Amino acid sequence: MRTSLRQQRSNAAGDPGGPGKPAASGKPEYVFALSWQPAFCETKSSKSECKAQNPNEFDASNFTLHGLWPQPNGNFYCQVPASDKANDSPAHWKDLPPVDLDAGTRAELDKVMPGTASQLERHEWIKHGTCYGKNQQEYFSDALGLMRAVNGSAVRDLFAKNIGGKLTADQIRGAFDQAFGAGAGDRVRVSCVIDPSSGRRLIGELTLGLAGPIGPNSSLKDLLLASVPTNKAGCPTGTVDAIGFQ
């Protein structure tokens, strides 16, 4: 799912190098990927979560969780059986082992990660979470805590106020500076997708470089500012898509 966007993760984290290379910051490094779900669904209209879009739902005006990816790029499938690797394609995510979460975390994840309707969480755990160094509950709880920080910030407000309009990468990065401190925006990369029906360029995803241990009380500001700046802002401008097929 969204494989082409993942090719940018090493840049978003300051290009720490290939597998086995030491982290550039000297700390554990991650890429934190946030989706703008309406834009994603313009390109994946057959997905269950996209067919169920509703203007009154969370994903109409908030960022949704794509994933939290330990770095460096290539740090995948830690101690994962070959049979699970073989099933790690969207058509077979339903055949991956279920993710074991408490009821509260499961309810929040289903809201914040609409892709759970397509078993995205199973894929994210198998490929990335197994390399996180914690259990499933902690991995998704940590990611949801970071999501709450973004969606409670000026970054989410900027997007919500500009639905149907356009934003530049500089505006988005500036909102991160406002919300999380000067320089935070330098750790953000913007990705766009093309709406196949209209040719519009839509803001589809933000990837954030983070560095440092992540836990229940972690500060997103501290994690951002501890990471190495990305050398590219990504997509220079794009439309903030409204929910529903345009």
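Just so we're clear, the structure is a prediction, and the values are computed from it rather than from any experiment.
Side-chain atoms of S118 and E49, non-hydrogen and from C-beta on, do get closer than 4.5 Å to each other. Within the 4.5 Å cutoff, the side chain of P70 has heavy atoms near those of the H128 side chain. Side-chain contact check for F40 versus C50: some heavy-atom pair is nearer than 4.5 Å. A heavy-atom distance below 4.5 Å is not found between the side chains of I194 and L202.
Between P213 and S218, the shortest heavy-atom distance links the atoms O-OG, 3.5 Å. Of all non-hydrogen atoms in P55 and A60, the two that sit nearest each other are O-CB, 3.5 Å.
Listed for the Q79 side chain is no donor-acceptor partner under 3.5 Å among the backbone atoms of Y77. The backbone N or O of V193 lies less than 3.5 Å from no partner atom in the side chain of R201, so there is not a single donor-acceptor pair. One N or O on the side chain of S227 and one on the backbone of G209 form a donor-acceptor pair closer than 3.5 Å. Side-chain atoms of N135 come within 3.5 Å of backbone atoms of E138 as a donor-acceptor pair (strictly under, hydrogens ignored). Side chain of R187 to main chain of L210: no donor-acceptor pair is present (N/O by atom type, distance under 3.5 Å, no hydrogens or angles). In this structure, N62 contributes its side chain and F58 its backbone to a donor-acceptor pair below 3.5 Å. Under the 3.5 Å distance criterion, the side-chain polar atoms of D88 are left unmatched by any main-chain donor or acceptor of H123. For the pair T230 (side chain) and K232 (backbone), a donor-acceptor distance under 3.5 Å is present. With N87 contributing its side chain and L96 its backbone, the two residues share no donor-acceptor pair below 3.5 Å. A donor-acceptor distance shorter than 3.5 angstrom exists from the side chain of T168 to the backbone of Q171, with no hydrogens or angles considered.
A donor-acceptor pair shorter than 3.5 Å cannot be found between the side chains of E121 and W93. In this model, a donor atom of one side chain and an acceptor atom of the other lie less than 3.5 Å apart for Q137 and T105. No donor-acceptor contact under 3.5 angstrom links the side chains of D59 and Q53, judged on distance only.
A distance of 8.5 Å separates OG of S61 from CG of N151, quoted to the nearest 0.5 Å. Atom CE of residue M147 and atom NE2 of residue H66 lie 12.0 Å apart, to the nearest 0.5 angstrom. To the nearest 0.5 Å, the span separating NE2 on H92 from CZ on R122 amounts to 14.0 Å. With rounding to the nearest 0.5 Å, the separation of CD1 in I172 from SG in C235 is 8.0 Å. Taken to the nearest 0.5 Å, the CZ atom of R189 stands 9.0 Å off from the CZ atom of R173. One distance of note links OG1 of T207 with CG of L34; it measures 8.5 Å at 0.5 Å rounding.
Contacts classified as salt bridge (charged side-chain N to carboxylate O under 4.0 Å, His left out) and involving residues 209-224 (residues at least two apart or in different chains) are not found. Residue pairs meeting the salt bridge (charged side-chain N to carboxylate O under 4.0 Å, His left out) criterion with at least one partner in residues 141-160, sequence neighbours excluded, are E108-R148, K134-D142.
Using a 4.5 Å cut-off between side-chain heavy atoms of Ile, Leu, Val, Met, Phe, Trp and Tyr, with links allowed through other members, V190 and V150 fall into the same hydrophobic cluster. L120 and I126 fall within a single hydrophobic cluster, where Ile, Leu, Val, Met, Phe, Trp and Tyr are joined by side-chain heavy atoms under 4.5 Å apart, directly or via other members. Side-chain heavy atoms closer than 4.5 Å link hydrophobic residues (I, L, V, M, F, W, Y) into clusters, and following such links, possibly through other members, connects F76 to V80. The cluster map of Ile, Leu, Val, Met, Phe, Trp and Tyr, joined by side-chain heavy atoms under 4.5 Å apart, puts L68 and L225 in different clusters. Residues V240 and L158 are members of one and the same hydrophobic cluster, defined by side-chain heavy-atom contacts under 4.5 angstrom among Ile, Leu, Val, Met, Phe, Trp and Tyr.
For T239, there are no side chain to side chain donor-acceptor pair (under 3.5 Å) partners two or more places apart in sequence or in a different chain. Contacts of F140 classified as ring pair (Phe, Tyr, Trp, His ring centres under 6.0 Å), with partners at least two apart in sequence or in another chain: none. Among residues two or more places apart in sequence or in another chain, the side chain to side chain donor-acceptor pair (under 3.5 Å) test is passed with N217 by none. Taking Y139 as the reference, W125, Y132 meet the ring pair (Phe, Tyr, Trp, His ring centres under 6.0 Å) condition, with sequence neighbours excluded.
Here E42 pairs with R200 in a salt bridge; the nearest charged N to carboxylate O distance falls below 4.0 Å. Using a 4.0 Å cut-off between charged side-chain N and carboxylate O, D110 and R106 make a salt bridge.
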List the steps, then state whether side chain to side chain contact (heavy atoms under 4.5 Å, CB included) holds for L223 with Y30.
-> CA-CA 9 Å; L223 293 167; Y30 308 89; 5.9 Å; no
Do T237 and I203 pass the side chain to side chain contact (heavy atoms under 4.5 Å, CB included) test, and can you show the C-alpha distance, the side-chain angles, and the key distance before you say yes or no?
-> CA-CA 8 Å; T237 185; I203 299 171; over 6 Å; no
Derivation and outcome, side chain to side chain contact (heavy atoms under 4.5 Å, CB included), residues F32 and L65 | CA-CA 9 Å; F32 187 45; L65 174 61; 3.7 Å; yes
Does the pair F176 and L206 meet the rule for a side chain to side chain contact (heavy atoms under 4.5 Å, CB included), with working shown?
-> CA-CA 11 Å; F176 272 93; L206 306 181; 3.9 Å; yes
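Checked against the 6.0 Å centroid criterion, the rings of F63 and W36 qualify as a close aromatic pair.
None of L224, V31, L146 except one satisfies the side-chain contact (heavy atoms from CB on, under 4.5 Å) rule with L208; the exception is L224.
Within 6.0 Å of NZ in K166 there are 12 or fewer heavy atoms belonging to other residues, nucleotides or ligands. Counting non-hydrogen atoms of other residues, nucleotides and ligands closer than 6.0 Å to CG of D95 gives a total above 12.
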